[in-house]
*Asks:* 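Next up is a structure, given as structure tokens.
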Amino acid sequence: MHYLSTRGEPARKRFCDILLEGLAPDGGLYLPEHYPQITDRLPELRRIYREQGYAELAFAILSLYIDDIPADALRAIAHKTYTKAVFGTEAITPVRELEDGLWLEGLSNGPTLAFKDMAMQLLGNLFEYELDRRQAELNILGATSGDTGSAAEYAMRGKRGVRVFMLSPHGRMSPFQQAQMFSLQDENIHNIAIDGVFDDCQDIVKAVSNDLAFKQHYHIGTVNSINWARLLAQVVYYFAGYFQVTGQDDQTVSFTVPSGNFGNICAGHVARQMGLPIAQLVVATNENDVLDEFFRTGIYRPRPAADTLETSSPSMDISKASNFERFVFDLLGRDAAELRTLFAETLPRQGFFDLSADPRFLRQRETFGFVSGTSHHADRLATIRAVWQQFGQEVDTHTADGVKVARQYHQRGDAVPMIVLETALAVKFSATITEALGHEPQRPPQFEGIESLPKRVQVLPADVQQVKDLIVQALKATAGA
Ligand SMILES: *Cc1c(COP(=O)(O)O)cnc(C)c1O
């Protein structure tokens with residue numbers, strides 16, 4: 001399998017070539033040359049999942065896209081990643097039925113209690129494998145407002161050849177999220193709290209990455225959501241959800257996905273393109289409704305960071321959906337020249353692009369199945385309360401956005417089941433849960449008292465040079481050790 005860039009760089013790269021890369025050199029995103037078709041293999045994949053479990057299903061799907069890691073090694077990586085010890089259950093992504101035909105698929109039982117573990121844990125093991133093979137090192141520099149940073153740290157802790165330098169806005173994450181990250185004592189994990197907001201952190205990461213000499217000399221890389229390996233890892237749980245909810249391969253299901261960067265639901269798009277019988281892919285946004293606007297109107301209008309609202313589902317507070325370009329590429333029939341004009345010319349020039357009259361957009365519901373909706377703070381509270389009162393279940397704020405929008409497209413007892421992806425556990429966002437329910441959310445036993453553990457974090461001003469100095473010092477320290 002070869003990979004191409006959405007902006008036209010030809011397809012000469014294989015999986016391991018793009019594993020450690022971010023954007024393609026032409027500024028595009030990597031996609032496989034084609035989507036392998038699995039319609040004929042659905043019964044076989046169902047049997048693999050039933051009899052051999054999630055890890056073996058993951059291996060079967062990954063191996064359709066990865067042909068430059070020997071099968072035995074890839075299988076070992078999948079089995080090392082998706083274990084009951086790491087993800088809490090044998091099913092890895094267990095489903096539960098809320099009401100007739102409305103299901104939740106639990107993606108948040110990994111080490112940091114958010115769905116990002118599903119991909120990041122695999123990425124950690126892939127990185128370790130590939131860095132070992134190349135005898136290379138990687139220093140991951142990232143910015144986080146919560147879920148991504150902790151998922152990356154838990155995935156990379158103790159891994160050979162990898163160090164993590166994670167910037168977060170000082171004092172702005174929830175106490176639980178701070179405790180999760182800062183309590184890690186591993187030598188290769190460096191928490192840096194920046195006096196500033198999330199955008200300051202992100203600006204520093206960009207500035208360091210734009211210093212190409214520094215980047216090369218110190219082997220700086222990223223783990224952001226545009227990484228193809230992360231997307232690919234996420235494709236697997238659409239299959240696992242489908243197999244759990246249906247009994248036969250002629251049935252269809254729909255998925256609702258709480259969305260920010262369009263990463264999670266883009267994996268659903270890939271699964272559907274492979275032939276998984278998905279009727280609708282429902283995009284659920286919060287008040288930052290850039291994606292809902294596009295799917296309703298055909299106009300894509302990313303917001304300046306200053307216009308991005310801070311909400312009670314903060315992991316969806318994005319201005320620009322960084323994976324969205326992948327879907328638009330497919331929507332345009334994979335015309336890279338046309339894609340490049342939209343994203344590299346029209347968008348920077350006028351701040352939006354408009355496909356409202358384009359027949360390919362007008363047909364997209366039939367071709368690609370996307371619909372959308374928005375959920376606001378009041379909806380979130382009402383949904384958290386209703387799910388608790390009716391079903392005795394706690395859902396987190398992001399999942400609540402999903403359930404709210406899912407109900408716009410799914411009525412009780414509909415023939416096509418609706419699966420809402422549960423993207424985090426309630427305990428991560430306890431302030432809003434307490435606001436809705438009047439009591440604190442349940443806390444898994446392994447997180448009791450986490451806030452009082454010793455913290456390992458350095459506070460720095462929002463200054464690029466000081467962050468660079470810290471990286472250099474840390475590398476010298478380990479080289480001398
Ligand atoms: C990251 C995240 C999302 C958004 O996922 P995307 O892939 O960016 O669309 C939703 N919910 C939670 C809890 C998250 O951490």
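Note that these values count all heavy atoms, side chains included, but never hydrogens, waters or copies made by symmetry.
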*Asks:* Going by heavy atoms in the side chains, are M274 and L64 under 4.5 Å from each other?
*Replies:* yes
*Asks:* Is it true that, when you exclude R12 itself, more than 12 heavy atoms of the residues, nucleotides or ligands shown sit nearer than 6.0 Å to its CZ?
*Replies:* no
*Asks:* Flag the pair K428 and D396 as a salt bridge only when some basic side-chain nitrogen lies within less than 4.0 angstrom of an acidic carboxylate oxygen.
*Replies:* no
*Asks:* May I ask you to decide if A337's main-chain N or O and D335's side chain share a donor-acceptor pair within less than 3.5 Å?
*Replies:* yes
*Asks:* Ring centroid separation for F87 and Y82, is it under 6.0 angstrom?
*Replies:* yes
*Asks:* Can you confirm whether the side chains of E105 and T93 place a donor and an acceptor under 3.5 Å from each other?
*Replies:* yes
*Asks:* Looking at side-chain heavy atoms only, is the closest gap between R301 and V290 below 4.5 Å?
*Replies:* no
*Asks:* Hey, is the main chain of R14 close enough, under 3.5 Å, to the side chain of D17 for a donor-acceptor pair?
*Replies:* yes
*Asks:* For A136, give me all partners under side-chain contact (heavy atoms from CB on, under 4.5 Å), at least two apart in sequence or on another chain.
*Replies:* L131, R134
*Asks:* Just do the side chain to side chain donor-acceptor pair (under 3.5 Å) check on Y49 and E56 with the steps written out, would you?
*Replies:* CA-CA 7 Å; Y49 177 64; E56 193 62 23; over 6 Å; no
*Asks:* Answer yes if the side chains of Q52 and R47 hold a donor-acceptor pair under 3.5 Å, and no otherwise.
*Replies:* no
*Asks:* Do side-chain atoms of Q244 reach the backbone of A240 as a donor and acceptor pair under 3.5 angstrom?
*Replies:* yes
*Asks:* In sequence, state the C-alpha distance, the side-chain angles, and the governing distance for E21 and Y30, and then conclude on side-chain contact (heavy atoms from CB on, under 4.5 Å).
*Replies:* CA-CA 10 Å; E21 271 187 59; Y30 288 112; 2.9 Å; yes
*Asks:* Going through the distances and angles, do Y238 and V257 end up as a side-chain contact (heavy atoms from CB on, under 4.5 Å)?
*Replies:* CA-CA 11 Å; Y238 285 86; V257 188; 3.5 Å; yes
*Asks:* Which residue is it: R380, H377, H376? I am looking for the one with a side-chain hydrogen bond (donor to acceptor under 3.5 Å, both in side chains) to D401.
*Replies:* R380
*Asks:* Tell me if a side-chain donor or acceptor on E422 pairs with a main-chain N or O of V395 at a distance below 3.5 Å.
*Replies:* no
*Asks:* Are E128 and K80 within salt-bridge range, i.e. N to O under 4.0 Å?
*Replies:* yes
*Asks:* Can you find a heavy atom in the side chain of L355 that is under 4.5 Å from one in the side chain of L362?
*Replies:* no
*Asks:* Would you call E366-R363 a salt bridge at under 4.0 Å N-O?
*Replies:* no
*Asks:* side-chain contact (heavy atoms from CB on, under 4.5 Å), that's the test. Do L29 and R7 meet it? Break it down for me.
*Replies:* CA-CA 7 Å; L29 278 66; R7 300 205 185 168; 5.9 Å; no
*Asks:* Using modelled atom types only, decide if a donor and an acceptor are shared between the side chain of E97 and the backbone of G101 within a distance under 3.5 Å.
*Replies:* yes
*Asks:* Ignoring hydrogens and geometry beyond distance, is a side-chain donor-acceptor pair present between S375 and N286 at under 3.5 Å?
*Replies:* no
*Asks:* Kindly give the heavy-atom pair with the smallest separation between L42 and P277, and that separation in Å.
*Replies:* CD1-CD, 3.6 Å
*Asks:* Between S312 and T397, do the side chains contain a donor N or O and an acceptor N or O under 3.5 Å apart?
*Replies:* no
*Asks:* Which label fits F447 and F176: parallel for a plane angle under 30°, tilted from 30 to 60°, or perpendicular past 60°?
*Replies:* tilted
*Asks:* Test your reading of the model: is there a side-chain donor-acceptor pair from E153 to the backbone of I189, 3.5 Å cut-off?
*Replies:* no
*Asks:* Ignoring hydrogens, what is the shortest heavy-atom contact between F115 and S108? Give both atom names and the distance.
*Replies:* N-OG, 3.9 Å
*Asks:* Looking at M1 and P32, what are the two nearest heavy atoms and their distance?
*Replies:* SD-CB, 3.8 Å
*Asks:* Using 30° and 60° as the class boundaries, would you call the ring planes of F324 and F295 parallel, tilted or perpendicular?
*Replies:* perpendicular
*Asks:* With no hydrogens and no angle check, is any side-chain donor or acceptor of T399 less than 3.5 Å from a backbone partner on T423?
*Replies:* yes
*Asks:* Rounded to the nearest 0.5 Å, how far apart are NE2 of H219 and NZ of K215?
*Replies:* 13.0 Å
*Asks:* May I ask you to test the R326-L231 pair for a side-chain heavy-atom distance under 4.5 Å?
*Replies:* yes
*Asks:* So if I apply the side chain to side chain contact (heavy atoms under 4.5 Å, CB included) rule between F429 and each of S174, S313, S315, P441, which one comes out positive?
*Replies:* S315
*Asks:* Check each of D292, L281, I265, V405 against S372 using the side chain to side chain contact (heavy atoms under 4.5 Å, CB included) test, and report the only one that passes.
*Replies:* D292
*Asks:* In terms of the angle between their ring planes, are F327 and H269 parallel, tilted or perpendicular, with boundaries placed at 30° and 60°?
*Replies:* perpendicular
*Asks:* Under 3.5 Å, is there a donor-acceptor pair linking the side chains of R163 and N188?
*Replies:* no
*Asks:* Any luck finding a side-chain donor-acceptor pair between T6 and R334 under 3.5 Å?
*Replies:* no
*Asks:* Just wondering, are more than 12 heavy atoms of other shown residues or ligands nearer than 6.0 Å to CD in E44?
*Replies:* yes
*Asks:* Closer than 3.5 angstrom, by distance alone: can the side chain of N288 be matched with the main-chain N or O of T308 as a donor-acceptor pair?
*Replies:* no
*Asks:* Of the non-hydrogen atoms in A321 and L291, which two are nearest, and what is the gap between them?
*Replies:* CB-CD2, 3.8 Å
*Asks:* Should R340 and E345 count as an ion pair when the cut-off is N to O under 4.0 Å?
*Replies:* no
*Asks:* I'd like to know if the side chain of D68 and the backbone of C16 have a donor-acceptor N/O pair within less than 3.5 Å.
*Replies:* yes
*Asks:* Take S63 and R75 through the side chain to side chain donor-acceptor pair (under 3.5 Å) test and state the conclusion after the steps.
*Replies:* CA-CA 9 Å; S63 60; R75 175 178 270 126; over 6 Å; no
*Asks:* Any idea which heavy atoms bring P444 and L113 closest together, and the distance?
*Replies:* CG-CD1, 4.0 Å
*Asks:* Cut-off 3.5 Å, side chains only: do D117 and T112 have a donor facing an acceptor?
*Replies:* yes
*Asks:* Checking D330 against Y35: is there a side-chain donor and acceptor pair closer than 3.5 Å?
*Replies:* yes
*Asks:* Indicate whether the side chain of N264 and that of Y237 have a donor and an acceptor atom separated by less than 3.5 Å.
*Replies:* yes
*Asks:* What's the verdict on side-chain contact (heavy atoms from CB on, under 4.5 Å) for I140 and T222, showing C-alpha distance, side-chain angles and the deciding distance?
*Replies:* CA-CA 5 Å; I140 294 166; T222 56; 5.6 Å; no
*Asks:* If we only count heavy atoms from C-beta on, is the V371 to V283 side-chain gap below 4.5 Å?
*Replies:* no
*Asks:* Identify the two heavy atoms, one from Q248 and one from Y242, that lie closest to each other, and give their separation to 0.1 Å.
*Replies:* O-OH, 3.3 Å
*Asks:* Any idea how F294 and F361 line up, ring-wise: parallel (<30°), tilted (30 to 60°), or perpendicular (>60°)?
*Replies:* perpendicular
*Asks:* Quick one: are the ring centres of F15 and W228 less than 6.0 Å apart?
*Replies:* no
*Asks:* Looking only at atom types and distance, does a side-chain atom of Q251 sit under 3.5 Å from a main-chain N or O of G247, one as donor and one as acceptor?
*Replies:* yes
*Asks:* Does a side chain donor of either N227 or R230 reach within less than 3.5 Å of an acceptor in the other side chain?
*Replies:* no
*Asks:* Is E99 atom CD crowded by more than 12 heavy atoms from other residues, nucleotides or ligands, each under 6.0 Å away?
*Replies:* yes
*Asks:* Looking only at side chains, do D147 and Q177 share a donor and an acceptor under 3.5 Å apart?
*Replies:* yes
*Asks:* Looking at D317 and R303, does any basic side-chain N land under 4.0 Å from a carboxylate oxygen?
*Replies:* no
